[in-house]
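In what follows, a structure is listed as C-alpha cells, so that the remarks can point back to it.
Just so you know, these numbers use all the heavy atoms, side chains as well, and skip hydrogens, waters and symmetry mates.
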Amino acid sequence: MEAKKYTTTSGINIKNVYTTAYQQLEMPGEFPFTRGIQKDMYRGRLWTMRQYAGFSTAEESNKRYHYLLAQGTTGLSVAFDLPTQIGYDSDHVMSEGEVGKVGVAIDSLKDMEILFDGIELQKITTSMTINATAAILLAMYIALAKRQGADLKQISGTIQNDILKEYAARGTYIYPPKPSMRLITDIFEYCSKEVPKWNTISISGYHIREAGSTAVQELAFTLANGKAYLSAALEKKLDINVFAKRLSFFFNCHNNFFEEIAKFRAARRMWANITKNLGATDEKAQMLRFHTQTGGSTLTAQQPQNNIVRVTNQAMAAVLGGTQSLHTNGYDEALSLPTEAAAKIALRTQQIIAFESGVTATVDPLAGSYFVETLTDEIEAAAQIYIDKIDAMGGAVNAVENGYMQQEIANSSYQYQKEIEAAERIVVGVNKFTEEKEVITDILNIDDSIRIVQSEKIKQLKNERNNEAVRKALLNLSEAAKSNTNLMPLILISVEEYATLGEIADCLREVFGEY
C-alpha cells in the first residue's frame with residue numbers, strides 16, 4: 001500500500017520529520033527582515049486591530065464604527081458598496097439592487113462627512129478598500145480632514161489602490177490598465193508631498209487568494225504586481241527611497257497554519273531583495289509592511305459557528321507571521337454581512353491572542369523550527385519561479401493583459417474544488433461531520449430601499465450646491481486628464497465643490513475609456 005502523501009495547499013511536499021540544523025538567522029529588524037521588520041515587534045507595539053466594516057448608509061456605518069471603537073478596535077477599515085467601487089452614483093441604473101449591500105454607499109463628500117461624524121481623523125488610522133475610484137475616495141477623506149482642521153501631514157491610513165489584482169482576480173476596474181496606472185502614480189506623487197504619512201497603496205494578495213489561488217501564487221502574483229508599481233513610479237522619476245516607504249501589502253490568511261506563517265516570512269525577504277535590486281538603499285523603503293485578513297472563502301454557511309475556530313487559527317498564524325494589522329472575519333459572513341454580535345466575537349478573538357496567549361512575548365517565536373525555516377525557503381523558491389515567468393513576459397501588466405495570472409488562478413481554484421468534492425480535502429461540516437438539519441443564525445439584511453434614500457440625498461445635494469462651480473471643476477479635470485498633469489489636486493477641487501463620485505468617474509471615463 002502506497003504511503004499517504006502530505007502537501008501544503010500549494011503542493012509543496014511535507015516530510016515526516018525535519019531534522020536538518022538551520023544556520024544562524026539575521027536578527028529581527030535587519031535586512032532582509034525574514035524575522036520581522038521591528039527589533040521588538042509586539043513587545044513594543046501590538047498590531048493594529050482593524051475591523052472591516054461598512055454597510056447600508058453612511059449613518060448606519062457610522063453607528064457601527066462608534067460601536068467598534070467603544071469595544072477597543074484600534075483602526076477603522078471601510079467597506080464600500082459595489083456602485084461606489086466601480087464609479088456609479090446610487091441613482092444610476094447600474095446601481096439597482098446593489099446599493100449598500102456589500103459595503104457603505106458613498107456618493108459625495110456629504111456622505112463622507114456623515115460616515116465619520118464624531119470621529120477625529122487625525123486620531124485614528126483608516127483603511128479604505130477601494131481601487132478604481134481610490135483617488136476620488138481619498139480626495140473626499142482629505143477634504144473632510146481639512147474641514148475638521150486636521151494637519152494633513154499627520155493624518156494616516158491606507159487606500160488599497162491596487163488595480164492590477166482587479167484585472168487578475170476581482171473585477172472592479174473601470175479604465176484600461178495604462179490610465180489606471182497613471183492615476184496610481186499620481187496618488188504616489190501627490191501624497192508624498194501633501195499627505196506623507198498616508199500609505200498610498202495596499203498591494204493585495206487577499207483577493208487573488210479569494211479567487212482560488214494557492215499560497216505560492218498569492219505571494220508571487222502580489223509581489224509581481226508590487227514590482228510593476230515600483231517600475232511605474234520610477235518611470236515617473238519618483239524617488240524609490242521616498243515612495244516605497246508608503247507602500248503596504250494586504251495578504252490573506254488561510255487554514256494551513258505553517259504554510260501561512262512561512263508565506264509571510266518569505267514575503268518580507270523577497271520584497272527586501274526586490275526593492276534593493278531596484279535601487280532602494282533606505283531600509284524603511286525595503287521593508288514589507290502588511291495587513292492581514294482571515295480567509296473569507298474558507299468560511300462555511302454550514303455550521304457557521306465552526307468559523308470562529310477557523311478564524312482563530314488563521315489569526316494566530318497571521319500574528320506568528322508578523323502582521324502589522326489584522327482583520328478577523330465574523331463567523332456569519334458566509335451568510336451575510338456580519339452582525340454586531342459576530343463583529344464583537346471577531347474583535348475579541350484578536351484581543352485574546354494579544355493579551356492571553358503569550359505569543360507576543362518574543363519576536364518570531366517559530367524561528368529556527370526545522371519545518372518553518374525549510375518551508376519558508378521552499379515557498380520563496382516556488383514563488384520566484386512564477387515571478388521569473390512574469391518578468392519574461394514583460395512584467396505584471398503584460399501578464400494580466402495576456403490572461404496569464406487569471407488562468408493560473410482559475411486552474412488552482414478548479415483543482416481545489418475538485419479535491420473538496422472528492423473528499424480528498426476535508427472541510428468540517430461540509431464534506432465530513434455534516435448535520436442533516438442546519439441551524440441558521442440571525443443574519444443582517446440590507447433593505448433595497450437604501451437606494452431610494454441615497455437617490456434623494458443626491459437630488460437634494462444637486463439642488464443645494466453651486467452647479468456652475470461643479471461644471472467648471474469637472475471641465476478642468478477633463479482637460480487635465482488629456483495631459484500629463486497630476487489629477488489629484490483637480491479631483492480634490494471637484495470633491496470640495498460637491499461633485500458626486502459618479503460625475504467625477506464619468507468625466508474620466510470620457511477621456512480614458514472603459515476596459
Side-chain angles (χ1 to χ4, degrees), residues 54 57-59 61-62 65-66 69 75-78 80 84 87 89 104-130 133-161 183-202 242-243 246 457-458 460-462 464-477 480-481 485-505 507-508:
T57 61
E59 290 87 348
S61 291
N62 176 261
Y65 295 160
H66 280 285
L69 290 168
L76 295 176
S77 186
V78 184
F80 297 99
T84 303
D89 289 333
V104 62
I106 299 293
D107 292 310
S108 72
L109 176 57
K110 194 72 78 177
D111 285 325
M112 191 67 87
E113 291 166 353
I114 296 166
L115 186 67
F116 290 101
D117 185 40
I119 299 169
E120 290 185 56
L121 301 190
Q122 196 168 316
K123 293 184 178 178
I124 193 83
T125 66
T126 304
S127 174
M128 295 190 277
T129 302
I130 197 71
T133 54
I136 305 170
L137 271 299
L138 176 59
M140 288 181 186
Y141 194 87
I142 292 169
L144 178 58
K146 285 170 67 177
R147 286 172 191 230
Q148 287 187 356
D151 179 357
L152 295 187
K153 306 286 187 199
Q154 298 303 317
I155 67 164
S156 61
T158 305
I159 41 170
Q160 195 163 99
N161 199 26
L183 280 169
I184 287 167
T185 54
D186 280 357
I187 291 169
F188 289 174
E189 184 178 45
Y190 176 84
C191 288
S192 67
K193 296 170 186 171
E194 305 296 332
V195 199
K197 288 192 174 182
W198 195 268
N199 298 319
T200 50
I201 192 167
S202 179
V242 175
F243 75 80
R246 301 321 316 168
K457 281 189 196 173
I458 294 169
Q460 185 177 349
L461 175 75
K462 289 180 177 179
E464 293 174 351
R465 70 186 184 183
N466 183 337
N467 285 300
E468 178 56 28
V470 171
R471 188 193 67 78
K472 187 176 176 183
L474 292 174
L475 183 63
N476 290 339
L477 174 61
T485 306
N486 190 306
L487 298 181
M488 272 304 295
L490 294 145
I491 292 172
L492 181 59
I493 289 167
S494 301
V495 159
E496 290 181 320
E497 294 293 352
Y498 289 98
T500 68
L501 173 129
E503 287 172 331
I504 297 169
C507 177
L508 297 177

*Does some side-chain heavy atom of Val195 sit less than 4.5 Å from a side-chain heavy atom of Leu138?*
no
_With rounding to the nearest 0.5 angstrom, report the CG to CD1 distance, Leu501 to Ile136._
4.5 Å
_If we ignore hydrogens and angles and just use 3.5 Å, is the side chain of Asn467 paired with the main-chain N or O of Lys462 as donor and acceptor?_
yes
*Just by modelled atom types, is the Ala58 backbone N or O under 3.5 Å from a matching donor or acceptor in the Ser61 side chain?*
no
*Checking Gln148 side chain against Leu121 main chain: does a donor-acceptor pair fall under 3.5 Å?*
yes
_Separation of Glu503 CD from Arg471 CZ (nearest 0.5 Å)_ = 12.5 Å
*Contacts of Glu464 that satisfy salt bridge (Lys or Arg N to Asp or Glu O under 4.0 Å) - sequence neighbours left out*: none
*Are more than 12 heavy atoms from other residues, nucleotides or ligands located less than 6.0 Å from atom CD of Gln154?*
yes
_Side-chain heavy-atom pair Leu461, Ile458 within 4.5 angstrom cut-off_ = no
*Are any of the side-chain heavy atoms of Leu487 and Leu508 separated by less than 4.5 Å?*
yes
*asked:* Looking at every heavy atom in both Ile124 and Gly75, which two are closest together, and how far apart are they?
replied: CD1-CA, 4.3 Å
*Is Lys457 salt-bridged to Asp107, going by a charged N under 4.0 Å from an acidic O?*
no
*What heavy-atom pair brings Ser156 and Lys197 nearest, and what distance separates the two atoms?*
CB-O, 3.8 Å
*Between Ile155 and Ala150, which heavy-atom pair has the shortest distance, and what is it?*
CG2-CB, 3.9 Å
_Applying ring-ring contact (aromatic ring centres under 6.0 Å, His included), can you list everything that pairs with Tyr190, at least two apart in sequence or on another chain?_
none
*Are the side chains of Val104 and Phe80 in touch, meaning some heavy atoms are under 4.5 Å apart?*
yes
*Does the Asp186 side chain pair with the main chain of Asn486, one donor and one acceptor, at a distance under 3.5 Å?*
no
_Atom of Tyr498, atom of Arg147 and distance for their closest heavy-atom approach_ = OH-NH1, 2.7 Å
*Could you grab the distance from atom CD1 of Ile184 to atom CD1 of Ile201, nearest 0.5 Å is fine?*
5.0 Å
*Could you give the distance from OG (Ser494) to CG (Asn476), rounded to the nearest 0.5 Å?*
8.0 Å
*Greater than 12 external heavy atoms within 6.0 Å of Glu194's CD*: yes
*Can you tell me how far the CE atom of Met128 sits from the OG atom of Ser77, to the nearest 0.5 Å?*
10.0 Å
*Option from Thr125, Thr129, Asn199 for which side-chain hydrogen bond (donor to acceptor under 3.5 Å, both in side chains) with Thr158 holds*: Asn199
*asked:* Please check: side-chain N/O of Asn161 versus main-chain N/O of Thr200, any donor-acceptor pairing under 3.5 Å?
replied: yes
*Residues in side-chain contact (heavy atoms from CB on, under 4.5 Å) contact with Ala143, at least two apart in sequence or another chain*: Leu109, Leu492, Val495, Glu496
_Nearest heavy atoms of Ala499 and Leu474, plus distance in Å_ = CB-CD2, 4.3 Å
_Between His66 and Ile119 (side chain of the first, backbone of the second, donor and acceptor by atom type, cut-off under 3.5 Å), is there such a pair?_
no
*Rounded to the nearest 0.5 Å, how far apart are CG of Asp117 and CG of Asn62?*
5.5 Å
*Do the side chains of Arg465 and Glu497 get nearer than 4.5 Å, heavy atoms only?*
no
*Go through Thr185 and Phe243 one step at a time and tell me if the side-chain contact (heavy atoms from CB on, under 4.5 Å) criterion holds.*
CA-CA 10 Å; Thr185 54; Phe243 75 80; over 6 Å; no
*Evaluation steps, side-chain contact (heavy atoms from CB on, under 4.5 Å), between Thr500 and Val470*: CA-CA 9 Å; Thr500 68; Val470 171; over 6 Å; no
*Any side-chain heavy atom of Trp198 sitting closer than 4.5 Å to one from Ile142?*
no
*For atom NZ of Lys153, decide whether the heavy atoms of other residues, nucleotides or ligands shown that lie under 6.0 angstrom number more than 12.*
yes
